[in-house]
Amino acid sequence: MIKSILIVNRGEIACRIARTARRMGIVTFGIRTRKEPNAVYLSAVDKILDFPDTDGKVAEFLDIENLIALAKNNKIEAVHPGYGYLAENAHFAKRCREEGIKYIGPAPEVIQAMGDKIMAKKIAAKCKVPMLGGSLDSVKDVAEAAKLAQKVGFPVIIKAAAGGGGRGMRIVRTEAELPVMFKLATSEAQSAFGDPSVFIEKYLENPKHIEFQVVADSHGNVVHLGERECSVQRKHQKLLEEAPSPALDEKLRAKMAKAAVALAKEVQYESLGTVEFLLDKFGNFFFMEMNTRIQVEHPVTEAITGLDLVELQIRIASGEKLPVTQKEVSLNGWAIECRINAEDVQSGFAPSMGTIRRMRLPQGNNIRIDTGIMEGSEITPYFDSMVAKLIVHGKTRKEAIESTLQALRQFHVKGIKTTIPFCKAVMLNKVYRNGSFDTSFIETEMDSMVHREEKEEFIAALLATYFYTHETTPVVSSESSIDPWVLKRRIKHL
Amino acid sequence: MSTGKKLIAHSAENNAQHEFTFKNDYDFYYKNQKLKFDIIEEADGFTLVSIQGVKYPVEIVSQKQNTYEILVNGVSYTFSIETPFSLKRKLMLANNADKSGKVKVKAPMPGKILDILVMTGQKVNKGDTLLILEAMKMQNTIMAQNAGIVQSISVKANDIVAKDDVLVEINQE
């Protein structure tokens, strides 16, 4: 068994990995950066290592050589990449192997093959996983893109070959849009992934996004842990997930799981992975991509299977056999995950920056909260906007929805705006509740992006009037600066 | 029944008007009913408004002169507090401004300008891409909300902009 792990990540996932590793008796190391020297994840680990001073051109958690040096200098046996950053970087996995550090994840060759979306499509085609039409190679210029788009028919989607996580994708509906979108997609691919190559695929209108969790050990055992429904998305960013999916029956689940397992076997997968599919209204499914890391939304699978996915990753990396067989995996009840992001939903989900002044978290046996922040934490533009994940488990989907709503009503954050009112609105939405939603849900089915409780507007009007008449202004959010007029008035009243 | 001073909370979102009358700082009347409410500062730092047995967590986000942005249950509401006279004047001014025809395109979020796709004097249609703004690692296209002529561009590529900074001014046709 692995004895020490360097967590090359931050935030809630660093806390999440440390929690399991420490329970297993593994020494955990965290990395302190200058951008957030007092971060919460540092108190979740056993030992803290300072990231060395660099010119700052490469973000700390992307700085492969310095991270490897940290692991080597401190004689740490393994690294866990979490998600994002180096989690799907084949070069990093390869460098770890060269230096004799265990990488908790699949082999670099597999990361490479699946990370290259074009290569992944070729492999999926080989094991007969259904797929959408388009290019099987990268597209060089607009002219070639136009030709391909004509062949499969508009709309098409341009994707970064090195992409993933919903970035580097552009939907093109008409030929006129193609030049601008092609330019955007390639420049975004270059800046985000360091590789401008893109490919074209037929764009499926309003599908469901269904992904299967697979897990494979080094002894050839491959098991799937059911699916997750991730159709509540905005600009390809998932906002709310659940497991299982209301769209799948046993027959379809078995069919999709079979495809996912076949793909994992084909590439001799080892570790935890996710096979993403698009599902149309008629029950046809198409391979989209395979993620070779732990996912943000993994807790919903943990809730319904009772398995600890980080533990599985660590055990597999240690060379152990899977502790469960396919027959022993049972899916119990329903779980929903809400991503609580620091975003101003009413201003088009713009990032909301500031300091978390106060936090009230819901509690209960069926509630889990994964977070990497606490009161006093600052939300800065350096990192993504996720503040916390709320995971609620119920016996049935209906029960899970009601419990989630209840938990959201007890979840309060002061100092920044969050997606809590948005998540409430989703829970109360008819189409969400009946399960027929797809990826167009947010644009087409939500009349209001936030749920307003009764009388809220009146309370706000009353409060504004109250503070106006009292001329005291306990402005608490750091979003605003002190207006000189207010300051003058305050001084007058001293 | 109160005969005190009148104040109107005027919503910036939907123009709703809530009229309050009050005799002194503590007696609020709404639709001829005296309001009973408490503003409670909780030990853990949250502020609650308690009214008719229900408690609402509230937060003042900002105050600019007579305009308040308030969060109730995390949902944002913006109200300006007006006297009957100032409200009348405000509505009149707003009505006039609508006819002037100049539209300011503002940054919807803080970020970096990656590319500007229009030039001063250029004619644009509604929905045309004006510029590309990168925020939180996402590229966002800023589009023209109306047809017109680009009057001025106040930013250049690689500029860092704050939320609500004016990016482009378009002269409406």
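Within every chain, numbering begins at 1; the chains are lettered A, B, ... in the order of the sequence lines, protein sequences first and strands thereafter.
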Within residues 110-122 of chain B or reaching into it, pairs that qualify as side-chain hydrogen bond (donor to acceptor under 3.5 Å, both in side chains) - sequence neighbours excluded
A:Lys183-B:Asp115
Checking an interface table here. Which of residues 9-16 of chain B come within a heavy-atom distance under 4.5 Å of chain A?
B:Ala9, B:Asn14, B:Ala16
Chain A heavy atoms under 4.5 Å from B:Val49: which part of the residue, side chain, backbone, both or neither?
side chain
If we count only N and O atoms by modelled type, under 3.5 Å, do the side chains of A:Glu456 and B:Tyr56 hold a donor and an acceptor together?
no
For B:Pro57 and A:His412 the tightest heavy-atom approach is CG-CE1, 3.3 Å
What part of B:Ile39 gets closer than 4.5 Å to chain A, counting heavy atoms only: side chain, backbone, both or neither?
side chain
Tell me, side chain or backbone of B:Pro108 under 4.5 Å from chain A's heavy atoms, or both, or neither?
backbone
At a heavy-atom separation under 4.5 Å, does B:Gln52 approach chain A through its side chain, its backbone, both, or neither?
side chain
With a 4.5 angstrom heavy-atom cut-off, which part of B:Thr67 approaches chain A: side chain, backbone, both or neither?
neither
Is B:Ile8 in contact with chain A via its backbone, its side chain, both, or neither, using a 4.5 Å heavy-atom distance?
neither
Nearest heavy-atom approach of B:Ile70 to A:Ala460 is CD1-O, 3.6 Å
Inter-residue atom distance B:Tyr77.OH - A:Leu463.CG, 0.5 Å rounding
12.5 Å
Charged N to carboxylate O below 4.0 Å: is that the case for A:Arg358 and B:Glu59?
no
How many angstroms lie between NZ in B:Lys163 and CG in A:Asp344, if you round to the nearest 0.5 Å?
5.0 Å
Min side-chain heavy-atom separation B:Met109-A:Ser347 under 4.5 Å
no
Could you check A:Arg360 against B:Glu42 for salt bridge (Lys or Arg N to Asp or Glu O under 4.0 Å), going step by step and ending with a plain yes or no?
CA-CA 12 Å; A:Arg360 274 189 190 173; B:Glu42 294 272 282; 3.1 Å; yes
dist A:Phe467:CZ -> B:Ile81:CD1 (nearest 0.5 Å) comes out at 11.5 Å
Min side-chain heavy-atom separation B:Asn73-A:Lys424 under 4.5 Å
yes
Heavy-atom contact with chain A under 4.5 Å, split by part of B:Phe20:
side chain
